[in-house]
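Okay, so here's the structure we're looking at.
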Amino acid sequence: MTTSRTSEQGSEHGSDQGRQGRQGRQGKGEQRRRWLGLAVLALPALLASLELTVTNLALPAIGRDLSADSTQLLWTVDIYAFLLAGSLITMGVLGDRIGRRRLLLYGAAGYGVASLVAAYSVNAEMLIAARALMGVAGATLMPSTLALAAALFPGPRERTTAIGVIVASVSGGTAIGPLVGGWLLERFWWGSAFLLGVPVMALLLVLLPVLLPESRGPAGRRVDVLSSLLSLGAVLPVVYGLKQIAAEGAGAVPLAAVAAGVLVTVAFVRRQRALADPFVDLGLFADRTLATAAATLAAGIFVLWGSNYALAQYLQLVEGLSPLDAGLWTAPSALGVIAGSTLAPRLARRYPPARIIGVGLGLSAVGYGVLTQAGGAHALAVLVTGAVIVSAGLGPMMALATDMVVGAAPPERAGAAAAISSTAPQLGGALGIALLGSVITAVYRGRTDGAAPEGVPADAAGAFEDDLSATVTAAERLPGPAADDLLDAARGAFETGFQVAAGVCAALTVATAVLVAVVGARRRR
């Protein structure tokens, strides 16, 4: 009997060990599946930024082959950015309603089809329409990706790592965009730039249903169509107006567009407060963590996009680099964001996120301090060094602030929160380009007003007092010595404006760091 009992106990013990082994293998398999799912989610994030970079490189070939004028080329780029920014909130809320995985599948299919249409467009109008569809479909990508990543890794530590991977993927697309675009455009026609999205989206359609479970809010909630239209009407005019101000100055039309967007925003807010089930729960902003993180994202991208816009102009108009070479020299700054955003989750295991963000912003302020010294024989080295320091400091902010916005919202509102974390940078970035561009223009015109070199024709003197781009064009029609004098004076004025803008960025970054530190200290208390 003793032998029998011992045998039964040994059998039970062996059964327990077998069960534990199977559970361990299942746990490891599930873990591998989740990280594979995250790798798939990183693909659309990488593609979104890569596609925009490649499109910019393809514009000269598009203009030549489709006989597109400058306005049509501008709309080829801008229509995508406008509809992407305007549709983000709607798509985030829609994902909460119908399911984030389903929305991402719909968006991937739509993006792939629109990419095919863009690649084989026969005229500029067809290409602009295809780019508009790509913008709407592209608006499904980031909110769904961030919300699905948060659902896939619900633990705070793993979620922070997952969102850091997504942010790094966006920067990765920016870094490799000039390389991929240059290689494609040297070997194939301009449409190959848009075909990049087709295999990526096809892969998503195959792998998403296998690797990722569905994630959605409570069933039965409807989408308020009027609120959706109001959200579009609130964001689109503001983004359009700010981009026009950056390009052409503060005219009546762009200012009216911004004012109209603000008025629609007021109407949108009033409607949300009146609805029993609001399209966007404004109560989310009552959470100090979410509100501060969203504001920090907007401020950080304000200085980043604004300074990157100025940096691209400096490299091409002052240093005389081609668009492709300028893109290659800006790639290291994207690597800085990748390094900062991937390191941030590890640091967050030991230090409060607010402290990491504050220190990172302080580092970025140092980078902007370096950029204030741009000029002279070593300008290119100063520009690249400063840009890398700036981006390395902002990388932790981008990863951790995004995580704080998504993590602060209840699970049923994850899509809306992810849309907020995507829309805030779009608005902040557009505002940064407009305002910092205006700073450079104001300083430039203050330095060039009535200061054209002697002997320069009146039309060239007018271009000189307008902006550096017009001066470069005007100098092509002048004899060598006169052109050199005019360009030297214009480039010196632009350098001064760039240095002032870098100083403004440094001050704003320090102010944001102080705000984050104060709010973080209050939250800890």
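Note that the structure is a prediction, hence the values are computed from the model and not measured.
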Give the minimum heavy-atom separation between [X] and [Y], together with the two atoms involved.
X: Gly362; Y: Ala513; answer: N-CB, 4.5 Å
X: Phe194; Y: Ser115; answer: O-CB, 3.3 Å
X: Leu363; Y: Ala392; answer: CD2-C, 4.4 Å
X: Val370; Y: Val382; answer: O-CG1, 3.3 Å
X: Ala293; Y: Ala401; answer: CB-O, 3.5 Å
X: Ser364; Y: Leu394; answer: OG-N, 3.2 Å

*Are more than 12 heavy atoms from other residues, nucleotides or ligands located less than 6.0 Å from atom CZ of Arg350?*
no

*Under the side-chain contact (heavy atoms from CB on, under 4.5 Å) criterion, do Val198 and Leu195 qualify, and how do the steps go?*
CA-CA 5 Å; Val198 177; Leu195 291 181; 4.2 Å; yes

Could you check if a side-chain atom of [X] sits within less than 4.5 angstrom of a side-chain atom of [Y], using non-hydrogen atoms only?
X: Thr342; Y: Val165; value: no
X: Leu83; Y: Leu133; value: no
X: Val388; Y: Leu335; value: no
X: Leu204; Y: Leu105; value: no
X: Cys505; Y: Leu436; value: yes
X: Thr385; Y: Leu371; value: no
X: Met142; Y: Val170; value: yes
X: Leu203; Y: Val40; value: no

Anything under 3.5 Å between a donor and an acceptor, one on a side chain of residues 230-239, the other on a protein residue two or more places apart or in another chain? List them.
from   : atom 1 : to     : atom 2 : distance (Å)
Ser231 : OG     : Thr90  : OG1    : 3.2
Ser231 : OG     : Ser228 : O      : 2.7

Sequence-distant partners of [X], side chain to side chain donor-acceptor pair (under 3.5 Å), two or more places apart:
X: Tyr368; result: Ser307
X: Ser391; result: none
X: Glu319; result: none

How many angstroms lie between atom [atom1] of [X] and atom [atom2] of [Y], to the nearest 0.5 angstrom?
X: Ser227; Y: Ile89; atom1: OG; atom2: CD1; result: 10.5 Å
X: Ile357; Y: Met398; atom1: CD1; atom2: CE; result: 12.0 Å
X: Thr160; Y: Arg349; atom1: OG1; atom2: CZ; result: 9.0 Å
X: Ile79; Y: Leu127; atom1: CD1; atom2: CG; result: 11.0 Å
X: Ile440; Y: Tyr309; atom1: CD1; atom2: OH; result: 8.0 Å
X: Thr145; Y: Leu38; atom1: OG1; atom2: CG; result: 10.0 Å

*Only pairs at least two apart or in different chains count here, so list each ring pair (Phe, Tyr, Trp, His ring centres under 6.0 Å) that has a residue in residues 335-360.*
none

_Where at least one partner belongs to residues 133-182, residue pairs that pass ring pair (Phe, Tyr, Trp, His ring centres under 6.0 Å), sequence neighbours excluded_ = Trp35-Phe153

_Verdict with supporting geometry, Leu104 and Leu41, side-chain contact (heavy atoms from CB on, under 4.5 Å)_ = CA-CA 10 Å; Leu104 186 53; Leu41 288 175; 3.8 Å; yes

Going by the rule ring pair (Phe, Tyr, Trp, His ring centres under 6.0 Å), which residues pair with [X] if we only count those two or more places apart in sequence or in a different chain?
X: Tyr314; result: Phe498
X: Tyr106; result: none
X: Tyr120; result: Trp189

*Pair listing, salt bridge (charged side-chain N to carboxylate O under 4.0 Å, His left out) test, anchored in residues 158-173, at least two apart*: Arg34-Glu158, Arg159-Asp403

_Under 3.5 Å: donor-acceptor pair, side chain of Ser192, backbone of Phe188_ = no

*asked:* Under a 3.5 Å distance rule, please check whether Ser144 uses its side chain to pair with a backbone N or O of Leu141 as donor and acceptor.
replied: no

*Return the set of residues passing side chain to side chain contact (heavy atoms under 4.5 Å, CB included) with Ala298 (not counting sequence neighbours), or none when no residue passes.*
Ala424

*Step-by-step side-chain contact (heavy atoms from CB on, under 4.5 Å) determination, Leu361 to Val510*: CA-CA 7 Å; Leu361 290 171; Val510 169; over 6 Å; no

*Is there a side-chain contact (heavy atoms from CB on, under 4.5 Å) between Trp329 and Leu383 once you walk through the steps?*
CA-CA 9 Å; Trp329 279 108; Leu383 291 171; over 6 Å; no

*Which side-chain hydrogen bond (donor to acceptor under 3.5 Å, both in side chains) pairs, counting each pair once, include a residue from residues 125-140, with sequence neighbours left out?*
Gln72-Glu125

